[in-house]
K.L.:
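Got a structure for you, written out below as structure tokens; questions coming shortly.
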Number of protein chains: 2
Amino acid sequence: MMLPTQAKQTLESALAEHGLRSTRQRECVFAVVAASMDHPTADAIYSRVRESLPGISLATVYNTLETLVSCGLVRQVNFEREPSRYCPLSEPGKHHAHFHCTRSGKVFDVHLPESFMKDLEALLPPMFRIDKVDLCISGQNRGENPSGHVEPD
Amino acid sequence: MMLPTQAKQTLESALAEHGLRSTRQRECVFAVVAASMDHPTADAIYSRVRESLPGISLATVYNTLETLVSCGLVRQVNFEREPSRYCPLSEPGKHHAHFHCTRSGKVFDVHLPESFMKDLEALLPPMFRIDKVDLCISGQNRGENPSGHVEPD
DNA sequence: ACTGATAATTGGAATTATTCCAATTTCAAG
DNA sequence: CTTGAAATTGGAATAATTCCAATTATCAGT
Ligand SMILES: [Mn+2]
Ligand SMILES: [Mn+2]
Ligand SMILES: [Zn+2]
Ligand SMILES: [Zn+2]
């Protein structure tokens, strides 16, 4: 798992902004998440990272994921009481929801247009300052391969 | 904790529809959730139910909450990895989101109009059948007491 | 390069919400 | 009543995550 130079820059500057160091472990965990389109759990990320860094500990994977989330590089996604999943956050301005197929267990990103986010904001009293929006839809994906802004099944 | 006659009817018919019996424990847990506007955890519900049924077990509270959720009478609400919370579901057609104030820890219901749900449906490919929508907003409630369709702080 | 201070990582133990299980109790029908 | 199924119970088990003290890596200043 190798990290493109540009992504490396992104990681290092985001970490630096928070007064944090770039390490082999952080680079590798970030590379794995950035390359993962399937919203893996911490355990799955641990498995994938160990192919490059066999000595990394699960604690470090958890620590690093928390760090990357707090730096705004990674998103933590929770469905019901299942283990947390993680996905890369490329553009900080863009929002996306998650569709969880209860049949296949797969997770799909669903792009949320700015207008939808505005509508949502309008539903809340103005004294509520929104920090984070988590929209999880669950159901069944029966039908052929979807196209557009939704990941293939 | 006493259950109004009408609510008792609601409970009994919902349970009967699923081939389940109405019991003292189920009545009491349902009564507590129905009367709770603060989205209590299973533990908090356990405490409140024990005032009426001191001998009830925590396992039964968990079992009953799962039963009530599967009967569509109660909603299970999850924020991040915090313990699950529960709220009553009076009208089956109405949807509501949750605002979680990270300062006070309080939870507010936010009514979602049908138009918003339609907009959401339109964002998904038609082959995705929606079973459930969980919308959780977190942020800070700074300002005076909100009014309207939002619970008081 | 060397050193000291600080940050990060590590393995394993601890935490804790929830689930599981076998035994007992309750219930409703015949 | 009797009886079989359903529900409840206490306590053990589970499992994702967090915690912790010890080790290791990194950086800044010499
Ligand atoms: Mn080691
Ligand atoms: Mn007892
Ligand atoms: Zn995603
Ligand atoms: Zn609610």
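Keep in mind that what you see is a predicted model, and the values were worked out from it rather than measured. Chain letters run A, B, ... following the sequence lines, proteins first, then strands; residues in each count from 1.
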K.L.:
Mind running a 4.0 Å heavy-atom check of residues 3-11 of chain B against DNA chain C and sending the residues that fall below it, in number order?
P.N.:
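DNA chain C contact set from residues 3-11 of chain B: none.
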K.L.:
Under 4.0 Å from any atom of DNA chain C, heavy atoms only: list the residues of residues 62-74 of chain A that qualify, in numerical order.
P.N.:
A/N63
K.L.:
Would B/K132 and A/E80 pass as an ion pair if we require N to O under 4.0 Å?
P.N.:
yes
K.L.:
Counting only heavy atoms not in B/E66 (residues, nucleotides, ligands), do more than 12 fall under 6.0 Å from its CD?
P.N.:
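Counting other residues, nucleotides and ligands, CD of B/E66 stays at 12 neighbours or fewer.
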K.L.:
For B/V61, does its backbone N or O pair with a side-chain atom of B/T64 as donor and acceptor, under 3.5 Å?
P.N.:
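Answer holds: no.
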K.L.:
Within this structure, what is the CG-to-C1' distance between B/L20 and D/dA5, rounded to whole angstrom?
P.N.:
13 Å
K.L.:
Could you list all the ring-ring contact (aromatic ring centres under 6.0 Å, His included) pairs where at least one residue sits in residues 50-82 of chain B, not counting sequence neighbours?
P.N.:
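Listed once each, the pairs are B/F79-B/H100.
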K.L.:
Specify the residue among B/R81 and B/V61 whose closest nucleotide of DNA chain D lies further upstream toward the 5′ end.
P.N.:
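By nearest-heavy-atom nucleotide position, the 5'-most residue is B/V61.
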K.L.:
At under 4.0 Å between heavy atoms, what does A/S84 touch on the DNA or RNA strands: base, sugar-phosphate, or nothing?
P.N.:
sugar-phosphate
K.L.:
With a 4.0 Å limit, can you tell me whether B/T60 has a side-chain N or O closer than that to the phosphate oxygens OP1/OP2 of D/dT8?
P.N.:
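So the side-chain polar atoms of B/T60 never come under 4.0 Å of the phosphate oxygens OP1 or OP2 of D/dT8.
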K.L.:
Counting N and O atoms only, with roles assigned by atom type, does the side chain of A/R85 sit under 3.5 Å from a partner on the main chain of A/R75, one being a donor and the other an acceptor?
P.N.:
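Pair absent, no side-chain N/O of A/R85 close to backbone of A/R75.
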K.L.:
List in numerical order all residues of residues 22-36 of chain B for which some heavy atom is under 4.0 Å away from an atom belonging to DNA chain C.
P.N.:
B/R24
K.L.:
Among residues two or more places apart or on two chains, list those pairs meeting side chain to side chain donor-acceptor pair (under 3.5 Å) that have a residue in residues 20-37 of chain B.
P.N.:
B/S36-B/R48
K.L.:
For the helix from C/dA1-D/dT30 to C/dG30-D/dC1, figure out the bend between the end axes, five pairs an end, and round to 10 degrees.
P.N.:
30°
K.L.:
Tell me yes or no: between the side chains of A/N78 and B/R81, is some donor less than 3.5 Å from an acceptor?
P.N.:
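Their side chains do contain a donor-acceptor pair, which is all the 3.5 Å distance test asks for.
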